[in-house]
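Per chain, numbering begins at 1; letters A, B, ... match sequence-line order. Below, all heavy atoms of this structure are taken into account, side chains as well, without hydrogens, waters or symmetry copies.
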Amino acid sequence: MNRVIISSMGVVSPIGTGKEEFYAGMDSKTSGTGAISCFNTDFFPVSIGAEARKSGKVILSEKNNDRRMVFNEIAFQELFSYRGLDGYEFNERMLIAGCSLDHFRIEEYAQSSDAKTHDWQGYSDNSYAMFEHYARKFSITGGTIVNVSACVASSQAIGLGFRILSGGGKKAIIAGGVDSMLNPLHYMGFYKLGALSDWKGDPKKACRPFDRDRRGVVLGEGAAYYLLENAAYARGARPLAEITGYASTIDGYLITDPDPNGAHLAKAAMEAIEQSGISPDRIDCVHAHGTGTLKNDSAECSAMKLIFGNRYNRIPVFSLKAQVGHLIGACGAIELAAVIYSLEKQTVPATVNFETPDPAIDLKVLRNPLQKPINYILKLNAAFGGQNTALVLKKA
Amino acid sequence: MNIACNSYRSNEAIPVDPFLKNKKLKKYFNRETSAALATVGKLLGEATVDPSSTALYYATGILEYEDYGLDRIAANALDADAVFSPKRFIENGIAEVSPLNQFKVLLNMPLSFIAIEYGFKNDNAVIYSSAVGLLTSALCAPPCASILLGAGKTFADGAVEMCFALTSREEVRRIPLENPREEAYLTLKRIAFKDTGA
């Protein structure tokens, strides 16, 4: 198996855009959640979201437009500002990206004459075409793959990139994802599912992973992309991290709930750890999916017991979602930026809004950052519908 | 490679009941999920498949069809001057849509319901549109007994094309990819009709 390194990154998130801003947001335990400003929520039953920000301000886009386009533009620019693709032929450059749903311009459609004839397709911004556009624009012409596996879409995209490169050959793979559910139609879709946090207090506290008083998901938005390279061909690269293992499983349990036993999330983790050539006791911390829903956090705790045995409540666990919200199709990608932060800073971050432990979830969730030697991190994600992913990252 | 394909016309009912152990699941299905379950049922029939060692990859076509209730939402969201009203969108539009309809929107539902119905637990992915994504996922599959490879497309008029193949990495490697951007259901359909001589 060939070594696969991450040699560049571009990130747009609710706690900042660019690696430096993102790291500063991590250092300061910033929460990017708040009252939504990118569309009118005056009559919405809930109105909290985590909007992407740059230099402290919400990134603007034209009214009703697909905000993912803006995020992609910025994230790709940043990624290539650190390291270009000059060492690779055009057919050696691939884009593998995750996202969830096509953006839909409901306001424009509703007011159009097309609504009378059900001709809605022209108001739907096709995700595949969006990625093809950016692939062409940035000369990534060796193939485009778009994964739409809901909340594991971008972690599966990164995992597939890892598999291609670990199998050998010279390729540069840009892997990651983009998403924004912060538009009226998709936002209310998640509300109808009963998934959104109905927290009545300070909106910055609305997403509370692993906390006793957790109330559900806060939707976020942004993009994160990584340049993955086969270490043997990555001349001059300064690796940010190494990917050593990846696996994906499905619960096949209920469509609405994760398997409360976490059996197949744990199976994915064990496979990724085994592929890394290590045992679970070499994992230094876990970056969890940690949505802040009653059932996900509980299932993840069950999985931790299966993965780590008696050590499950001694290994530090972190969730980024209190800070950036749930990016759905891009959550794995954005959360990988926090994994790289942990590896570079040798720090397990504090989980923001973790205030009152849930007696049923006795994991080691931190209220303050912990400095410690970190060589390996396990990154977990899980999707509505039962898909699970596990990635193992190693300090470069 | 064992392969099964189904085509359904725009208003044709998709009989999925015979292929469901848990018929209550049907309330969540859109036309594509129904067609996927019916086609997997037809393919697997009495076949013995080890679900714990079968990888599952599915590609859904570019979105052209919806049965979420978009028109009702759009019509009810307009005020007396035919201007979009956030108040009416919430109180008259979205409010009338069943929460169950959200399951008709999420693109990973066909794969998730197949996993629930047949007990698949292994490696998986849902790819948007392209054959290259579907086949690359299968080629990179971890060691497993078999691969269930599927692709579907629901057209704007509600017609559905669906193909599933029970295959292996070695067989996937031999699939000719005539156009990397080709929608995956077309690739599987071409193989199916070539295999059967149709």
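Both the backbone and the side chain of A:Gln111 have a heavy atom closer than 4.5 Å to some heavy atom of chain B. A:Phe104 touches chain B through its side chain: at least one heavy atom from C-beta onward sits under 4.5 Å away, while N, CA, C and O do not. Of the atoms belonging to A:Ser100, it is backbone heavy atoms, and not side-chain ones, that fall under 4.5 Å from chain B. Using a 4.5 Å cut-off between heavy atoms, A:Leu185 contacts chain B through both its backbone and its side chain. With a 4.5 Å cut-off on non-hydrogen atoms, A:Glu132 touches chain B through its side chain but not through its backbone. Only the backbone of B:Tyr65 comes within contact range of chain A, judged by heavy atoms closer than 4.5 Å. Only the side chain of A:Gln156 comes within contact range of chain B, with heavy atoms under 4.5 Å apart. With a 4.5 angstrom heavy-atom cutoff, B:Glu66 touches chain A via backbone and side-chain atoms both. Neither the backbone nor the side chain of A:Ser112 comes within contact range of chain B, judged by heavy atoms closer than 4.5 Å. Heavy atoms closer than 4.5 Å to chain B are found in both the backbone and the side chain of A:Phe44.
One distance of note links OG1 of A:Thr117 with CG of B:Asp71; it measures 8.5 Å at 0.5 Å rounding. The CG atom of A:Asp102 sits 5.5 Å away from the CG atom of B:Leu63 when rounded to the nearest 0.5 Å. Rounded to the nearest 0.5 angstrom, B:Cys140 SG and A:Tyr246 OH are separated by 10.5 Å. Here the CD-CG distance, from A:Gln387 to B:Leu56, works out to 8.5 Å after rounding to the nearest 0.5 Å. Taking OH of B:Tyr68 as the start and NZ of A:Lys192 as the end, the distance is 7.0 Å to the nearest 0.5 Å.
Remark: A:Glu274 CD is loosely packed, at most 12 non-hydrogen atoms of other residues, nucleotides or ligands lying under 6.0 Å away. Counting heavy atoms of neighbouring residues, nucleotides and ligands inside a 6.0 Å radius, atom CZ of B:Arg9 does not exceed 12 of them. Residue B:Lys21 places its NZ atom among more than 12 non-hydrogen atoms of other residues, nucleotides or ligands, all under 6.0 Å distant. Residue B:Glu170 qualifies as enclosed at atom CD: its count of foreign heavy atoms under 6.0 Å is above 12. More than 12 heavy-atom neighbours from other residues, nucleotides or ligands sit within 6.0 angstrom of CG on B:Asp157.
Top candidate by heavy-atom pairs under 4.5 Å with chain B, chosen from A:Ile255, A:Asn388, A:Leu160, is A:Ile255. Heavy-atom pairs under 4.5 Å with chain B peak, among A:Cys99, A:Gly167, A:Pro184, at A:Pro184. With chain B as the partner, the residue from A:Ile145, A:Val146, A:Val152, A:Val148 showing the most heavy-atom pairs under 4.5 Å is A:Val148. Most heavy-atom pairs under 4.5 Å with chain B, from the set A:His118, A:Met188, A:Lys116: that is A:His118. Listed options B:Leu139, B:Thr136, B:Val132 were ranked by heavy-atom pairs under 4.5 angstrom with chain A; first place goes to B:Thr136. Per-residue heavy-atom pair counts under 4.5 Å with chain B were compared for A:Phe190, A:Tyr191, A:Phe131, A:Phe384, and the maximum is reached by A:Phe384. Among the candidates A:Gly252, A:Ser124, A:Ala157, A:Ala129, the residue making the largest number of heavy-atom pairs closer than 4.5 Å to chain B is A:Gly252.
Contacts from residues 100-116 of chain B to chain A, taken as heavy-atom pairs separated by less than 4.5 Å, involve B:Gln102, B:Phe103, B:Val105, B:Leu106, B:Leu107, B:Asn108, B:Met109, B:Leu111, B:Ser112, B:Phe113, B:Ala115, B:Ile116 in sequence order. Within residues 73-95 of chain B, the residues having any heavy atom under 4.5 Å from a heavy atom of chain A are, by residue number, B:Ile73, B:Ala74, B:Leu78, B:Ala82, B:Val83, B:Phe84, B:Pro86, B:Lys87, B:Phe89, B:Ile90, B:Ile94, B:Ala95.
Taking each heavy atom of B:Val126 and A:Ser149 in turn, the nearest pair found is N-OG, 2.8 Å.
Proximity of a side-chain donor or acceptor of A:Thr249 to a complementary backbone N or O of B:Lys121 within less than 3.5 Å is not detected.
Between B:Leu70 and A:Tyr123, the closest side-chain pair of non-hydrogen atoms is not below 4.5 Å.
Between A:Arg163 and B:Asp123 a salt bridge is recorded (basic side-chain N to carboxylate O distance below 4.0 Å).
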